[in-house]
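Data block below; observations after.
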There are 2 protein chains.
Amino acid sequence: MARVRISDVAAAAGVSVTTVSLVLNDVESRISQETRDRVRAAATAVGYEPSALARGLRRQRTKTVGLISDQIATTPFAGRMLAGAQDVARANEHLVFLVDTGSDTEVEEAAIRALTAQQVDALIYAAMWHRVVSADVSLPAGTVLLDCRPADGVVGFPSVVPDDREGGAAATRELVAAGHTRIAYIDTAEAATRPLAADLRLQGYRAVLAEAGIAIDDRLHVHGETSHRGGREAADRLLDLPEHHRPTAMFCFNDRMATGAYTAIHARALQIPGDISIIGYDDQQFIAAEQDPPLTTIALPHYEMGRWAMEVALGIREGGVDAVHQMECPVIRRDSVGPPPAHVGKQNRRRTSQHTERSLSATPDR
Amino acid sequence: MARVRISDVAAAAGVSVTTVSLVLNDVESRISQETRDRVRAAATAVGYEPSALARGLRRQRTKTVGLISDQIATTPFAGRMLAGAQDVARANEHLVFLVDTGSDTEVEEAAIRALTAQQVDALIYAAMWHRVVSADVSLPAGTVLLDCRPADGVVGFPSVVPDDREGGAAATRELVAAGHTRIAYIDTAEAATRPLAADLRLQGYRAVLAEAGIAIDDRLHVHGETSHRGGREAADRLLDLPEHHRPTAMFCFNDRMATGAYTAIHARALQIPGDISIIGYDDQQFIAAEQDPPLTTIALPHYEMGRWAMEVALGIREGGVDAVHQMECPVIRRDSVGPPPAHVGKQNRRRTSQHTERSLSATPDR
DNA sequence: TTGAAAGCGCTAACAA
DNA sequence: TTGTTAGCGCTTTCAA
């Protein structure tokens with residue numbers, strides 16, 4: 001593909017290849033202006049485009065970075081993370097090799113080898129859910145971990161993760177501030193693969209409750225699979241609780257589960273947030289904002305994490321090599337959180353209904 | 001990064017670099033078995049990993065392909081397309097450079113230059129919506145077009161796109177087969193950037209109607225923006241039609257609009273599919289399957305298109321260089337399509353209700 | 001059956 | 001101010 005070489009430019013300009021290299025790389029300012037112009041003119045005239053391969057080989061720096069991710073197709077978050085990383089790579093004239101391993105360790109190993117063979121200047125290892133990266137993938141030292149953190153005791157890997165504890169706290173605080181005291185946490189199911197995020201959010205939830213002097217009621221901590229159905233079933237269990245234990249607000253592990261909670265609530269002809277407030281997590285594109293009512297939720301800073309990772313990979317930003325950087329999860333306020341119904345709890349204020357537009361369901365369906 | 005060289009292996013094995021190269025590349029079978037073993041042992045002993053850079057420079061083939069896409073972050077489809085392309089690249093030991101241009105022509109040009117400089121073996125240009133690629137991006141000949149097609153008269157670019165005409169036909173056929181005769185098409189808004197897909201689906205819709213002997217009623221062809229809100233507003237307009245013109249089925253340009261139609265329908269205490277059948281398009285992850293009831297829709301074959309593109313890029317599959325390959329959009333049957341209500345139309349069969357689980361809304365909200 | 005050597009296209013130390 | 005030249009690490013022709 002790259003046909004015309006530097007020697008062609010040299011010939012065309014009537015100078016040596018050294019001179020061409022010097023002016024095209026803007027080094028050696030002592031080359032006369034006249035020569036510089038001549039070289040540049042010749043270069044464009046012959047349509048010269050330096051070979052990144054040859055340059056990389058010679059310089060031993062390729063301006064290339066490898067990005068290994070475990071799952072790209074199956075998660076809606078991949079895009080924003082990639083976009084963040086891409087944007088800073090491009091701004092710094094680096095190209096990125098993307099390889100998706102589908103969480104297969106063998107593929108992972110092969111990818112690391114292939115990328116090393118390409119002499120990438122840096123490596124980023126991205127997980128699609130906040131987790132610990134297992135010790136059995138042998139990442140080169142200095143690999144930047146994106147949305148995952150090294151196992152305990154493993155050092156030499158900078159890493160960025162969402163601050164899920166604080167996110168869980170923020171969500172809960174939002175509900176407490178609205179006046180709720182019976183706040184449920186619809187958690188993801190217990191499993192071997194339970195994401196770090198789940199426990200962190202739970203910690204945040206509990207801390208805020210404690211801080212607010214609200215006793216922790218274990219019946220309000222339920223589990224489900226992370227899907228519409230899982231959220232719906234968990235919410236149903238909550239709604240089946242005796243009247244005076246029933247929550248007036250639900251904090252859902254993610255937006256998909258929150259949509260399930262919507263369905264469960266509407267199926268009982270209850271209103272959001274009139275009867276029950278809901279807060280989700282993820283701010284998932286095309287989902288959170290398009291619920292009825294639009295879902296208040298906590299955003300995951302994927303784009304920013306992608307940027308951060310690429311910045312430290314390129315050495316632009318100093319990320320302490322052993323630090324795991326926690327990135328803030330902002331709360332996105334929409335319309336699914338309001339005060340609890342007037343007849344419940346103690347700290348309720350009277351309020352005129354602020355949400356006139358509401359759909360409600362009449363037929364329970366279980 | 002790549003420290004140990006072929007000469008180190010040669011030294012360790014007590015042979016020349018030629019021999020090492022020959023055995024490691026499995027060429028020249030006349031090398032004695034004994035030597036081969038010794039070389040391989042030496043290679044692993046010293047931890048040798050060939051430099052892809054040096055090899056690429058020498059061979060003038062890099063086993064590398066560039067994938068330029070216009071939008072990656074903002075669409076939920078990117079992942080599946082990338083996954084398809086990735087999978088075949090990996091199976092063929094190629095690495096892929098991913099660059100997202102955000103639809104910026106200048107960035108696009110820069111990307112093409114950079115990728116060319118890297119001497120990628122092939123280039124894929126992916127659009128995130130089925131469209132014509134504008135003539136002002138100067139793609140190298142042979143670039144394969146993914147989810148887009150060359151402008152009329154432009155040749156030399158293999159291309160894959162979804163068969164949207166047939167998809168639109170399939171959707172309509174589904175509704176006709178269920179017994180509907182008043183079938184609306186909720187189209188995307190007219191605009192300069194109107195995707196090819198919109199017109200193609202419309203053609204399919206009209207063709208099937210004609211075929212079925214159903215007169216085309218222009219009132220049933222409405223437009224909206226491609227979002228929940230757009231779908232809802234369009235559906236509302238349809239529902240406002242006088243009783244005997246009101247559609248009993250709606251074919252929506254995409255799933256997001258279909259969810260809007262759900263909201264509009266439920267807000268009038270109507271049932272899906274009891275009163276109105278809905279069919280979407282896209283089979284959007286986490287959306288279509290998680291509606292209540294789960295949405296029947298047409299899937300976009302993104303994964304397969306990604307595979308196809310990479311296959312022709314790598315020369316594994318013969319895609320006629322000037323052909324635009326149409327890929328089938330399968331119908332995904334779920335629960336949002338049923339027969340029209342018994343009291344309407346002529347060709348209705350009596351049927352016991354097959355959908356007992358249904359939520360319905362009691363409060364109109366506009 | 002194996003090795004010497006040229007060269008892919010570039011950069012940079014050194015020389016002029 | 002500019003040019004010669006030695007590699008970067010590999011593959012491959014040609015010779016032995």
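Proteins come first, then strands; the chains are lettered A, B, ... in the order of their sequence lines, and each starts at number 1.
Side chains of A:Tyr125 and A:Ile112 form no contact here, defined as non-hydrogen atoms less than 4.5 Å apart. Taking the side chain as every heavy atom from C-beta outward, B:Thr143 and B:Ile68 never approach each other to under 4.5 Å.
Mapping B:Arg38 and A:Ala54 onto DNA chain C by nearest heavy atom places B:Arg38 at the nucleotide closer to the 5' end. Residue A:Thr35 is the one, among A:Thr35 and B:Ser7, whose nearest nucleotide of DNA chain D lies closer to the 5' end (criterion: closest heavy atom).
Closest to the A:Arg55 side chain, of the nucleotides C:dG9, C:dT11, D:dG9, is C:dT11. The A:Ser21 side chain lies nearest to C:dT11 when the options are C:dT11, D:dG9, C:dT2.
Rounded to an integer number of Å, the gap from A:Leu22 CG to C:dC14 P is 15 Å. Whole-Å rounding puts the B:Arg36 CZ to C:dT1 C1' distance at 11 Å. Regarding A:Leu24, its CG atom lies at a distance of 15 Å from the C1' atom of C:dA12, rounded to whole Å. Between B:Arg61 atom CZ and D:dC10 atom C1' the separation is 16 Å, expressed in whole Å. Computed from coordinates, the A:Arg59 CZ to C:dA13 P distance equals 12 Å when rounded to whole Å. Atom P of nucleotide D:dT11 and atom CG of B:Asn25 are separated by 5 Å, given to the nearest angstrom. Spacing between atom NZ of B:Lys63 and atom P of C:dC8 amounts to 22 Å, rounded to whole angstrom units. Separating the CD atom of B:Gln118 from the P atom of C:dC8 is a distance of 20 Å, rounded to the nearest angstrom.
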Inset, instruction - Please lay out, stage by stage, how A:Glu34 and A:Arg38 fare under the test salt bridge (charged side-chain N to carboxylate O under 4.0 Å, His left out). - result: CA-CA 6 Å; A:Glu34 192 260 334; A:Arg38 193 146 39 88; 3.3 Å; yes
Inset, instruction - Before giving the answer on side chain to side chain donor-acceptor pair (under 3.5 Å), spell out for A:Ser51 and B:Gln119 the whole-Å C-alpha distance, their side-chain angles and the decisive distance to 0.1 Å. - result: CA-CA 7 Å; A:Ser51 158; B:Gln119 292 173 255; 2.8 Å; yes
Inset, instruction - Apply side-chain contact (heavy atoms from CB on, under 4.5 Å) to the pair A:Arg36 and A:Asp26, showing each step before the final yes or no. - result: CA-CA 9 Å; A:Arg36 307 168 77 86; A:Asp26 259 338; 3.5 Å; yes
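Applying a 4.0 Å cut-off to non-hydrogen atoms, the residues of residues 9-19 of chain B that approach DNA chain C are B:Val15, B:Ser16, B:Thr18, B:Thr19, listed by residue number.
Within the 4.0 Å cut-off from OP1 or OP2 of D:dG9, at least one side-chain nitrogen or oxygen of A:Gln60 is found. Between A:Arg58 and C:dC10, a side-chain N or O to OP1/OP2 separation shorter than 4.0 Å is absent. Phosphate proximity of D:dC8 to B:Ser51: absent, as no side-chain N or O sits under 4.0 Å from OP1 or OP2.
Taking a cutoff of 4.0 Å between a charged side-chain nitrogen and a carboxylate oxygen, B:Arg40 and B:Asp37 do not qualify as a salt bridge. Salt-bridge formation is not detected for the pair A:Asp104/B:Arg90: no Lys NZ or Arg NE/NH1/NH2 atom is positioned less than 4.0 Å from an Asp or Glu carboxylate oxygen.
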